[in-house]
Undergrad: 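Before we start, here is the structure in question, set down as structure tokens.
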2 protein chains.
Amino acid sequence: MGSPITTVYSRIKRLEDSGVIRGYKPVLDAARLGRPTTAFILASITYRTPGVEETLDQRLIAQEVARFPEVQEVHIITGDWDLLIKVKGRDVADIGRFVVDKLRTVRGIEKTLTCMVFDTAKETLDLPL
Amino acid sequence: MGSPITTVYSRIKRLEDSGVIRGYKPVLDAARLGRPTTAFILASITYRTPGVEETLDQRLIAQEVARFPEVQEVHIITGDWDLLIKVKGRDVADIGRFVVDKLRTVRGIEKTLTCMVFDTAKETLDLPL
DNA sequence: CCGATCACCGTAAAAATTACGGGTACAACC
DNA sequence: GGTTGTACCCGTAATTTTTACGGTGATCGG
């Protein structure tokens with residue numbers, strides 16, 4: 001059978017104290033919260049602040065984008081684009097409003113390419129081990 | 001001050017019973033678990049099973065990719081590529097091994113484009129409200 | 001006005017988690 | 001070999017969290 005219950009608890013406590021487990025969060029149902037639609041948005045960036053190092057600037061813009069509550073992820077990436085942004089909204093029109101009215105008004109956002117999600121096979125922050 | 005404790009509990013219970021809260025998960029520290037490196041991989045797909053409807057096929061391939069434990073997200077998307085995959089690994093070489101040894105051996109995966117993440121400003125499954 | 005429904009909120013019971021301490025395994029060191 | 005230190009296991013008992021179960025008031029439709 002399994003280990004004694006107090007052993008299990010002390011192992012969990014060890015993971016919490018060591019920082020492997022940072023905390024706990026509810027797993028939410030996006031559809032029931034009115035956001036069944038997912039999109040990924042690629043964005044490029046201009047450097048509006050001469051004299052400031054560029055990566056710092058990108059990080060600040062990324063942080064700005066991250067402040068929108070409908071944004072779940074913001075990554076600075078390699079390749080043809082600078083930023084990869086994941087958003088959840090009510091429908092395509094809602095995603096459109098986010099891109100046009102919010103994202104494109106952020107200073108430094110130059111150009112965007114929106115990529116809608118048809119279907120999601122997996123979406124988690126789980127890690128092996 | 002806040003609401004009475006039993007009121008808070010009954011509100012949470014309502015969210016659980018109604019399905020808005022599906023459950024609870026630990027928030028893990030990817031770096032401490034040996035996976036500090038994130039990559040997004042775009043993949044295109046071939047249709048190896050004539051006579052089978054294509055979207056079904058794509059869904060099956062997506063499910064196959066989703067079985068790898070280092071994969072956190074698999075989405076079927078609009079645009080030039082079919083699949084968007086998010087992976088966490090030890091380093092770039094580890095991501096490379098995943099793409100070459102695992103992802104490209106999945107039947108139906110045709111072509112891939114790997115995009116490394118330099119920095120992540122936000123990464124969550126939280127939702128507004 | 002009435003009945004039904006729903007959320008609020010208290011007490012008391014039940015269940016979960018923690019605190020604490022003894023025991024064991026293992027490695028480093030003298 | 002013996003000793004020391006560390007880390008984990010695991011039990012009892014205390015503590016805290018969570019649930020069960022009403023009673024109350026607000027709201028809504030008829």
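Letters A, B, ... are given to chains in the order of the sequence lines, protein chains preceding strands, and every chain is numbered from 1.
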Undergrad: Test question: given the 4.5 Å side-chain rule for I, L, V, M, F, W and Y, name all other residues clustered with A:L125, or answer none.
TA: B:L125
Undergrad: It should be established whether B:T7 places a side-chain nitrogen or oxygen under 4.0 Å from OP1 or OP2 of nucleotide C:dC8.
TA: no
Undergrad: Within a strict 4.5 Å, meaning less than it, do heavy atoms of the A:V87 and A:F68 side chains meet?
TA: no
Undergrad: Less than 4.5 Å apart, any side-chain heavy atom of B:T120 and any of A:E73?
TA: no
Undergrad: Counting only side-chain heavy atoms from C-beta out, which of D:dC8, C:dA7, C:dC9 sits nearest to A:R14?
TA: D:dC8
Undergrad: Assign a letter to each nucleotide of nucleotides 15-20 of chain C from its 5' end: B, base within under 4.0 Å of a protein heavy atom; S, sugar-phosphate only; -, no contact.
TA: -SBB--
Undergrad: Closer than 4.0 Å, any side-chain N/O of A:R11 to the OP1 or OP2 of D:dC8?
TA: no
Undergrad: Which Ile, Leu, Val, Met, Phe, Trp or Tyr residues join B:L113 in one cluster when any pair of side-chain heavy atoms under 4.5 Å counts as a link?
TA: A:F40, A:L42, A:I77, A:W81, A:L84, A:L113, A:V117, B:F40, B:L42, B:I77, B:W81, B:L84, B:V117
Undergrad: Is any side-chain heavy atom of B:T37 closer than 4.5 Å to one of B:R90?
TA: no
Undergrad: Roughly, in whole Å, what's the span from CG in B:D17 to C1' in D:dA20?
TA: 13 Å
Undergrad: Any non-hydrogen side-chain atom of A:L33 less than 4.5 Å from a side-chain atom of B:V20?
TA: yes
